[in-house]
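Input: a single structure, listed below in structure tokens.
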Amino acid sequence: MKNSQRPVVVFDSGLGGISVLKKLIATMPNESFVYYGDSANAPYGPRAPHEICRLTVEGVARLDSLQPKAIVIACNTATAAAQDALEHAYPHIPVIGIEPAVRRAVQENPGGRILSLATAGTLASARYQRQLQEIAASEQVVSIAAPGIVNYVEDGMRDREGVVAYLRRLFAPWQPARFDGVVLGCTHFPFASAEIQEALGGPVRFYEQSDTVARETRRRLAEAGTASEDDNGGGVTIMNSANEKTMLSFSWQLFSTMSGCV
Ligand code: DGL
């Protein structure tokens, strides 16, 4: 199969990775992308690491017949639990993961307060804890698990008032919440950035990593010599393990509007 025909597989526990997919396409318009959301098993966040790892490896393996040229784990939780296993399973292609942008947020706000929102799985992971340890002023960082945002997005973002009330309760112990930067450490969260901002009660500066992931994917494809040079190539397919019409149509809706994204 020609390199231009081999897709880049983009994997997430559900719909969140669509926020990364859009940046990947903008950065590499000649590539073909196959997005796979494992909504049947979402949320991953509250699950045990070995279970997240198994679900991720099994989910990606469902696309093996497409002969992917790269795998993008568009999920912070799955990256923390399964990037090593995927690199082991696919030694000949790039495997690119995503991690919360805590380091960048702290560097750009010296002495400031940073709110880091992610899943429980990501926050408890060795990778996240290592990142915090490496940051000189980690006491600046308030880390909070926000599984309610994942459910809100997976449920079609219908109960906006409900999620804002949930976030207000979540942030209440830190009120008045003055944060200089807010890390969106879960790929579902950019879809709810407006709701997060409303619950925090004012404009905030968001940090997320999809641009970095897109640039890194482009670099790794060039390095591997598998980047598509076909100007007429490119395209996107969206698949979902929940296999429900509504899930796919909401995926396309998120893809085309990207409303509320940072
Ligand atoms: N979108 C995922 C992330 O970036 C996790 C959501 C979930 O399934 O809990 O962490």
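Start at 1 and go down the list; that is how both ligands and their atoms are numbered.
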message: With no hydrogens and no angle check, just 3.5 Å: does a side-chain donor-acceptor pair link Tyr44 and Asn76?
response: no

query: Is it true that Trp174 and Phe171 have ring centroids separated by less than 6.0 Å?
result: no

- prompt: So, do Arg62 and Tyr36 sit near enough that their side-chain heavy atoms are less than 4.5 Å apart?
  reply: yes

- prompt: Which salt bridge (charged side-chain N to carboxylate O under 4.0 Å, His left out) pairs, counting each pair once, include a residue from residues 79-95, with sequence neighbours left out?
  reply: Asp84-Arg127

- prompt: Is atom CD of Glu134 surrounded by more than 12 heavy atoms (other residues, nucleotides or ligands) closer than 6.0 Å?
  reply: yes

Please give the N or O to N or O pairs under 3.5 Å between ligand 1 and the protein, distances rounded to 0.1 Å.
from, atom 1, to, atom 2, distance (Å)
ligand 1, 1 (N), Asp12, OD1, 3.0
ligand 1, 1 (N), Thr187, OG1, 3.0
ligand 1, 1 (N), His188, ND1, 2.8
ligand 1, 4 (O), Asn76, N, 2.8
ligand 1, 4 (O), Asn76, ND2, 3.0
ligand 1, 4 (O), Thr187, N, 2.8
ligand 1, 4 (O), Thr187, OG1, 3.3
ligand 1, 8 (O), Ser13, OG, 2.6
ligand 1, 8 (O), Tyr44, N, 2.7
ligand 1, 9 (O), Tyr44, N, 3.3
ligand 1, 9 (O), Gly45, N, 2.8
ligand 1, 10 (O), Asn76, N, 3.4
ligand 1, 10 (O), Thr77, N, 3.0
ligand 1, 10 (O), Thr77, OG1, 2.6

query: Between Tyr207 and Asn109, is any side-chain donor less than 3.5 angstrom from a side-chain acceptor?
result: yes

